Amino acid sequence: MAKRKKQSPYPDVYEEGTEEYEISHIDPAGMSQISEILKRLKRTKGYIGPQLEWYDKAFPDNEVPFVYSPMQDVVDKRALEQALETKKVLGSAVSALSKLLRITSRQLEFCEDAVRSYQKRRGLFSLPDDILCIVLEFASLPFYPYDSDIDVAIRSVKLATMLSHTCKRFRDIIIRSSIYWRCINNEMRNQDLVSTCLSRCTRPNVEVSLEMPFFKPTYVQMEKLHRRDRPFIGIALQNRERWRSFALYANRERWVILGESQPEYLQIYAELTKEIEFPNLTAISIRYPDSMLFRQVREDKISEAAMHFYRYWSTPKLRVLSVEQFIPIPFPGTLSLSSLDVHLKDEARAKEPENLPIVFDAKSFVSFLQACPALESLDISLQSMKASIQPQTLTRLAMPRLAYLKLNFKHCNSTTLKGFFDAVRFPFVTSMELEIDASHKKGGAPGTLFDDIFFAVMPNSEVYPRLVNLTLDASVDYIWDRDSEDHPIIWGEFAIPFSSMTTVKHLTLTASESEVLPVSDSDQLPALRTFTIRRSSEIEKTWLARFCNQMKSQGHLDSLRISVDDSCSFLNESGLRGTLSEDDILQLIALDDSLVD
């Protein structure tokens with residue numbers, strides 16, 4: 001049997017030409033010159049240089065006077081012939097090398113393409129289908145993090161379809177797996193596409209989202225919306241046992257108006273989904289437009305049947321509820337609810353001519369919380385809430401399982417909040433994020449509203465006896481000093497109420513463009529283990545020095561670790577950045593002692 005000839009790793013340069021690269025001929029003279037060059041490279045062991053002095057050495061041209069000399073003319077003629085011959089030889093070599101470079105470069109490009117191809121698919125053969133399915137899932141995710149639900153739904157389907165065209169294995173995995181087809185939205189114009197997505201979802205992981213119209217629709221437009229959404233909801237309901245999440249959202253532009261015909265639009269959901277069971281639904285998100293708050297204080301209120309269409313649903317596995325611009329009402333699904341987000345934002349009210357106050361219905365909110373015995377996480381965000389309907393309860397409501405509390409209050413009235421926190425207690429909370437955006441008190445009264453809001457939430461350490469982790473984000477607006485001729489800016493300032501957080505072990509502080517008042521001798525500081533300062537451009541080195549000295553005097557310094565991020569300009573300029581060393585802290589204490597003396 002003939003022995004197989006080993007394939008040479010070097011490409012042939014005399015293959016047939018292509019459209020781009022026709023076969024080229026190299027002058028033998030050039031080949032001879034290349035051979036001579038290679039011999040010299042061997043002698044120099046591969047080292048090369050321009051050797052600009054080579055020609056002068058080979059053909060020396062002595063200086064001669066420019067006078068009549070027939071003999072010199074004969075010498076120059078012979079030198080010119082030698083130079084032309086040398087130019088021809090070198091030109092042949094350059095031409096040959098250029099042709100070789102062009103062809104070899106093209107072959108290198110093909111080789112690099114092959115390398116990239118092998119690198120990309122390297123390891124895919126060894127991946128089982130379940131792992132490859134996860135890889136392809138990440139590849140099919142939309143590129144843009146701020147996409148709307150409709151963008152996510154359509155783009156994920158398109159990307160999955162593109163990936164399925166790669167090869168048979170990819171196509172089989174993508175079609176067989178439901179993770180690529182789980183997002184459906186009422187803006188999907190093709191009903192067959194919705195049906196295809198649902199038919200490929202064999203597990204209860206379908207994410208259904210509906211976008212409300214962002215305009216005040218006319219009668220004709222409303223009919224078009226009915227013709228679009230009724231079939232979509234009908235197809236989705238046929239597969240309701242596969243629903244994992246449901247989202248209804250409105251366009252977030254400030255000029256959105258919930259027109260008179262839109263309650264009828266909401267009524268569609270109430271009619272089509274009334275008394276239907278969703279056995280595997282775990283999350284509901286309803287984001288109404290800002291104008292929903294306005295309507296609730298006017299005569300044109302939306303009926304509860306339309307606004308709270310979800311109340312008729314049977315959702316035994318519901319875990320997450322997120323709502324915006326309204327307070328939900330109790331329904332059977334709240335018994336299993338573990339996470340609740342409620343956001344009420346009155347940021348568009350400044351342009352309203354009527355300037356009607358938006359009311360925070362604390363009474364209804366407390367009633368809803370009473371229907372959530374399994375709640376473990378609560379996120380409340382209120383903005384510009386100046387009035388409230390106070391709860392009237394003889395006994396405080398205690399949330400027995402709630403461990404995480406996130407609160408965000410921006411330009412709210414402390415009285416509005418106090419009634420709610422007097423009626424509800426969270427004794428088992430271990431982690432809290434508290435964000436307060438306050439302003440100066442009106443009428444020239446001293447101080448700011450930060451203290452009023454903070455103490456409405458956390459009057460003392462006994463209210464949250466198990467609180468260990470606290471993230472405090474405080475911002476106090478500055479004002480112009482009208483009484484001064486040059487109207488200087490009075491920066492917002494606040495004091496950290498350490499006496500109300502004595503159980504806290506891990507504190508994270510953010511003081512955005514606000515001055516933090518120094519720690520006083522009377523402050524009872526918590527025995528912190530970690531203290532993190534971030535995005536606090538106005539905190540100076542002297543403030544931190546005073547804090548460290550007070551921690552030392554109260555016996556809490558030994559176990560304390562202090563960290564400063566890169567956005568604290570004054571501290572960073574003083575060389576304080578990252579986790580502070582023991583020497584850094586000792587120097588801060590020495591600084592404070594010197595200032596006291």
Side-chain angles (χ1 to χ4, degrees), residues 377 379 381 403-410 429-438 450-451 453-454 457-458 461 464 466-476 491-520 523-592:
S377 173
D379 182 348
S381 179
Y404 173 76
L405 185 60
K406 183 177 181 180
L407 305 172
N408 184 339
F409 303 125
K410 184 175 183 179
V429 166
T430 58
S431 298
M432 178 191 295
E433 293 184 36
L434 177 58
E435 182 175 352
I436 299 176
D437 193 341
F450 171 84
D451 295 339
I453 296 175
F454 185 92
V457 177
M458 193 183 298
S461 57
Y464 303 95
R466 300 191 182 187
L467 183 61
V468 176
N469 305 297
L470 175 62
T471 298
L472 178 61
D473 189 338
S475 177
V476 180
W491 290 101
E493 59 183 20
F494 68 95
I496 302 176
F498 286 109
S499 59
S500 295
M501 54 180 78
T502 55
T503 62
V504 175
K505 301 298 181 186
H506 307 281
L507 175 63
T508 299
L509 173 65
T510 299
S512 303
E513 298 183 355
S514 300
E515 296 184 9
V516 184
L517 297 177
V519 181
S520 66
D523 284 337
Q524 181 183 357
L525 301 181
L528 295 176
R529 295 177 184 173
T530 62
F531 180 38
T532 303
I533 305 175
R534 64 184 186 186
R535 300 197 309 275
S536 302
S537 57
E538 301 301 319
I539 292 182
E540 299 187 12
K541 188 176 182 179
T542 54
W543 184 94
L544 189 56
R546 182 61 177 163
F547 171 80
C548 291
N549 211 355
Q550 285 296 96
M551 290 290 286
K552 177 186 176 183
S553 65
Q554 298 183 21
H556 302 323
L557 191 61
D558 293 339
S559 60
L560 177 63
R561 187 176 77 251
I562 302 177
S563 298
V564 179
D565 75 359
D566 294 338
S567 60
C568 302
S569 55
F570 286 153
L571 296 177
N572 297 156
E573 291 171 2
S574 303
L576 301 176
R577 190 188 307 268
T579 302
L580 303 189
S581 64
E582 184 177 349
D583 290 340
D584 291 332
I585 295 177
L586 292 177
Q587 290 177 11
L588 287 170
I589 294 174
L591 172 63
D592 186 66

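Just so we're clear, the structure is a prediction, and the values are computed from it rather than from any experiment. Side chains are part of it too, since the values below use all heavy atoms of this structure and drop only hydrogens, waters and symmetry mates.
Within the 3.5 Å criterion, the main-chain N or O of Gln550 finds a donor-acceptor partner in the side chain of Ser553. Looking only at distances, a side-chain donor or acceptor of Asp523 sits under 3.5 Å from a matching main-chain atom of Ser520. In this structure, the side chain of Ser536 engages the main chain of Ala511 through a donor-acceptor pair within 3.5 Å. The backbone N or O of Val476 sits less than 3.5 Å from a side-chain atom of Ser514, completing a donor-acceptor pair. In this structure, Gln524 contributes its side chain and Phe498 its backbone to no donor-acceptor pair below 3.5 Å.
Of the residues listed (Arg561, Lys505, His506), the one engaging Thr530 in a side chain to side chain donor-acceptor pair (under 3.5 Å) is His506, and it is the only one. Screening Leu467, Leu470, Asn469 for a side chain to side chain contact (heavy atoms under 4.5 Å, CB included) involving Ser431 leaves a single residue, Asn469.
In the displayed structure, Gln554 atom CD is contacted under 6.0 Å by more than 12 heavy atoms of other residues, nucleotides or ligands.
Contact record, Val468 with Val504: O-CG1, 3.5 Å, taken as the closest heavy-atom pair. Scanning both residues, Ser377 and Tyr404, for their nearest heavy atoms gives OG-CD2, 3.2 Å. Pairing each heavy atom of Ile453 with each of Ala438, the nearest pair is CD1-CB, 4.4 Å.
Contact check for Tyr464 versus Val457: side-chain heavy atoms found under the 4.5 Å cut-off. Using a 4.5 Å cut-off on side-chain heavy atoms (C-beta onward), Asp473 and Thr471 make no contact. The shortest distance between side-chain heavy atoms of Leu544 and Ser574 does not fall below 4.5 Å. Side-chain contact check for Phe494 versus Ile436: every heavy-atom pair is 4.5 Å or farther apart. Using a 4.5 Å heavy-atom cutoff, the side chains of Ile585 and Leu560 are not in contact. A 4.5 Å side-chain heavy-atom check between Leu576 and Leu588 finds at least one atom pair inside the cut-off.
Ser567 and Asp565 form a side-chain donor-acceptor contact under 3.5 Å, judged by distance and modelled atom types alone. Inspection of the Arg534 and Thr510 side chains reveals an N or O donor paired with an N or O acceptor under 3.5 Å.
In this structure, Phe547 has its ring center under 6.0 Å from that of Phe531.
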